[in-house]
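Just so it is clear: chains get the letters A, B, ... in the order the sequence lines come, proteins before strands, and each one is counted from 1.
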There are 2 protein chains.
Amino acid sequence: MDTGDVFDPQCPTRVVLDRIGDKWSMLVLLSLRDGPMRFTQLRTRIGGVTPKVLTQTLRAMEQDGLLTRKVFAEVPPRVEYTLTDLGRSLHGPLSVVAEWAERHVSEILRCREKFS
Amino acid sequence: MDTGDVFDPQCPTRVVLDRIGDKWSMLVLLSLRDGPMRFTQLRTRIGGVTPKVLTQTLRAMEQDGLLTRKVFAEVPPRVEYTLTDLGRSLHGPLSVVAEWAERHVSEILRCREKFS
DNA sequence: CTGTATCCCGTCTGATACTG
DNA sequence: CAGTATCAGACGGGATACAG
């Protein structure tokens with residue numbers, strides 16, 4: 001397995017950073033932590049996301065193997081999104097970053113104000 | 001200390017994600033891990049970054065208190081960038097994500113190809 | 001219910017050239 | 001050496017409306 005040269009433009013870490021760096025992926029992943037959810041459930045829980053963007057996010061995550069999309073042939077239609085093992089394994093690393101954020105965000109904001 | 005509601009648009013984690021999510025901040029932080037560096041050192045080590053963007057990145061990180069910018073009144077000019085304690089404390093969490101990326105990137109890429 | 005289609009704007013990023 | 005100025009293109013993201 002490659003060790004990943006972070007200074008290589010083809011760096012593997014880029015793939016992950018692009019994913020967690022976007023506005024909604026992390027929230028989707030955290031939302032799905034406790035089990036499958038339907039489209040509208042996600043949409044309402046994650047306030048402010050439009051259907052288009054939510055769809056884009058879900059498709060990208062599905063494509064990366066982070067979650068699965070299961071369509072039930074019913075009326076009305078039902079679609080469930082579930083984290084894969086890969087998706088669940090990302091939850092830990094993300095939590096570490098999230099905890100750092102929560103611990104230090106006030107300090108960062110203080111720095112920003114002082115800076116002006 | 002706040003626990004941070006990740007579903008709040010004002011969520012503190014956003015601040016951090018915006019920072020580590022951008023294209024160069026993480027590389028700068030990793031570069032500076034082993035000590036201060038000068039502008040051109042960073043520029044050459046991080047291949048592909050233009051001076052404008054590198055400046056933007058460094059200014060933003062300085063503003064957030066992740067690094068300090070020290071100008072030496074010399075000819076030719078010398079400017080050194082050094083991580084603050086806050087910046088160094090971010091290195092751990094970032095490493096966790098980076099390690100995850102390195103371990104799983106091949107799996108992600110495989111998923112992407114299968115998806116097409 | 002679960003999306004898609006369109007339009008649009010702001011930001012992010014880069015190329016290139018220039019300055020103290 | 002360490003940037004700044006300017007221009008331009010790509011793209012993420014959002015508003016709104018509509019479809020299967």
Side-chain angles (χ1 to χ4, degrees), chain A residues 7-11 13-29 31-32 36-64 67-82 112 115, chain B residues 7-11 13-28 31-32 36-64 67-82 115:
Chain A
F7 300 105
D8 177 2
Q10 303 302 328
C11 167
T13 56
R14 288 298 169 78
V15 174
V16 178
L17 289 185
D18 286 351
R19 183 110 332 282
I20 72 170
D22 85 67
K23 210 170 176 178
W24 305 108
S25 294
M26 183 173 176
L27 295 178
V28 169
L29 201 142
S31 295
L32 291 177
M37 292 184 81
R38 303 178 59 175
F39 187 84
T40 304
Q41 277 183 302
L42 284 168
R43 190 181 166 187
T44 53
R45 175 153 188 202
I46 304 173
V49 65
T50 59
K52 187 188 89 173
V53 175
L54 181 56
T55 300
Q56 285 175 351
T57 303
L58 290 169
R59 289 289 194 279
M61 293 177 72
E62 183 191 7
Q63 188 163 346
D64 286 355
L67 55 79
T68 57
R69 179 173 179 271
K70 189 172 185 180
V71 182
F72 295 84
E74 302 175 356
V75 178
R78 182 159 60 105
V79 180
E80 275 187 1
Y81 295 93
T82 313
R112 281 191 190 175
F115 199 84
Chain B
F7 299 106
D8 177 3
Q10 303 302 327
C11 168
T13 56
R14 289 298 170 78
V15 174
V16 178
L17 289 185
D18 286 350
R19 182 111 333 283
I20 71 169
D22 85 65
K23 211 169 176 179
W24 306 109
S25 294
M26 183 174 176
L27 296 178
V28 169
S31 296
L32 291 177
M37 291 184 81
R38 304 177 59 172
F39 187 85
T40 303
Q41 278 183 301
L42 284 168
R43 190 181 164 187
T44 53
R45 176 150 188 206
I46 305 173
V49 66
T50 59
K52 187 187 88 173
V53 174
L54 181 56
T55 299
Q56 286 175 351
T57 303
L58 290 168
R59 291 288 195 279
M61 294 177 73
E62 183 190 8
Q63 188 164 344
D64 286 356
L67 54 78
T68 57
R69 179 172 178 272
K70 189 171 185 180
V71 183
F72 295 84
E74 302 173 355
V75 177
R78 182 159 61 104
V79 180
E80 274 187 2
Y81 294 92
T82 313
F115 200 83

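- Residue B/L42 contributes atom CG, which lies 14 Å from atom P of D/dC1 at whole-angstrom precision.
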> What's the verdict on side chain to side chain contact (heavy atoms under 4.5 Å, CB included) for B/S25 and B/I20, showing C-alpha distance, side-chain angles and the deciding distance?
Replying inline: CA-CA 6 Å; B/S25 294; B/I20 71 169; 6.0 Å; no
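- Rounded to whole angstrom, the span from the CH2 atom of B/W24 across to the P atom of C/dT13 amounts to 9 Å.
- Here B/R78 lies in heavy-atom contact (under 4.0 Å) with sugar-phosphate atoms only.
- Nearest nucleotide to the side chain of B/Q56, out of D/dG14, C/dG3, C/dT13: C/dT13.
- Contact annotation: A/K52 does not reach the phosphate of C/dC7 (side-chain N/O to OP1 or OP2, under 4.0 Å).
- Pairing each heavy atom of A/Y81 with each of A/L67, the nearest pair is CD2-CD1, 3.9 Å.
- Distance, B/L58 CG to D/dT4 P: 10 Å, rounded to whole Å.
- One finds no side-chain N or O of B/T55 lying less than 4.0 angstrom from the OP1 or OP2 phosphate oxygen of D/dG3.
- The distance between atom CZ of B/R69 and atom C1' of D/dC1, rounded to the nearest whole Å, is 12 Å.
- Atom C1' of nucleotide D/dG14 and atom CD1 of A/I46 are separated by 16 Å, given to the nearest angstrom.
- If you measure from atom CG of A/D18 to atom C1' of D/dG12, you get 12 Å, rounded to the nearest angstrom.
- The B/P77 side chain lies nearest to C/dG20 when the options are C/dG20, C/dG14, D/dG20.
- Using a 4.0 Å heavy-atom cutoff across all strands shown, B/F72 reaches no nucleic acid atom at all.
- For the atom pair B/Q56 CD and B/K52 NZ, the distance stands at 5.5 Å (nearest 0.5 Å).
- A/T55 is listed as a side-chain neighbour of A/F39, based on a closest heavy-atom distance under 4.5 Å.
- Residue A/K23 is the one, among A/K23 and A/P51, whose nearest nucleotide of DNA chain D lies closer to the 5' end (criterion: closest heavy atom).
- The two residues B/V49 and B/I46 come nearest to each other via the heavy atoms CG1-O, 3.2 Å.
- Residue A/R38 contributes atom CZ, which lies 9 Å from atom C1' of C/dT2 at whole-angstrom precision.
- Counting any heavy atom pair closer than 4.0 Å across all strands shown, A/R43 reaches no nucleic acid atom.
- Comparing D/dC1, D/dG13, C/dA15 by their nearest atom to the side chain of A/D22 picks out D/dG13.
- Contact annotation: B/T40 reaches the phosphate of D/dA2 (side-chain N/O to OP1 or OP2, under 4.0 Å).
- For B/R59 and D/dA2, the shortest distance from a side-chain N or O to OP1 or OP2 is not below 4.0 Å.
- B/L17 places its CG atom 12 Å from the P atom of D/dG13, with the value rounded to the nearest Å.
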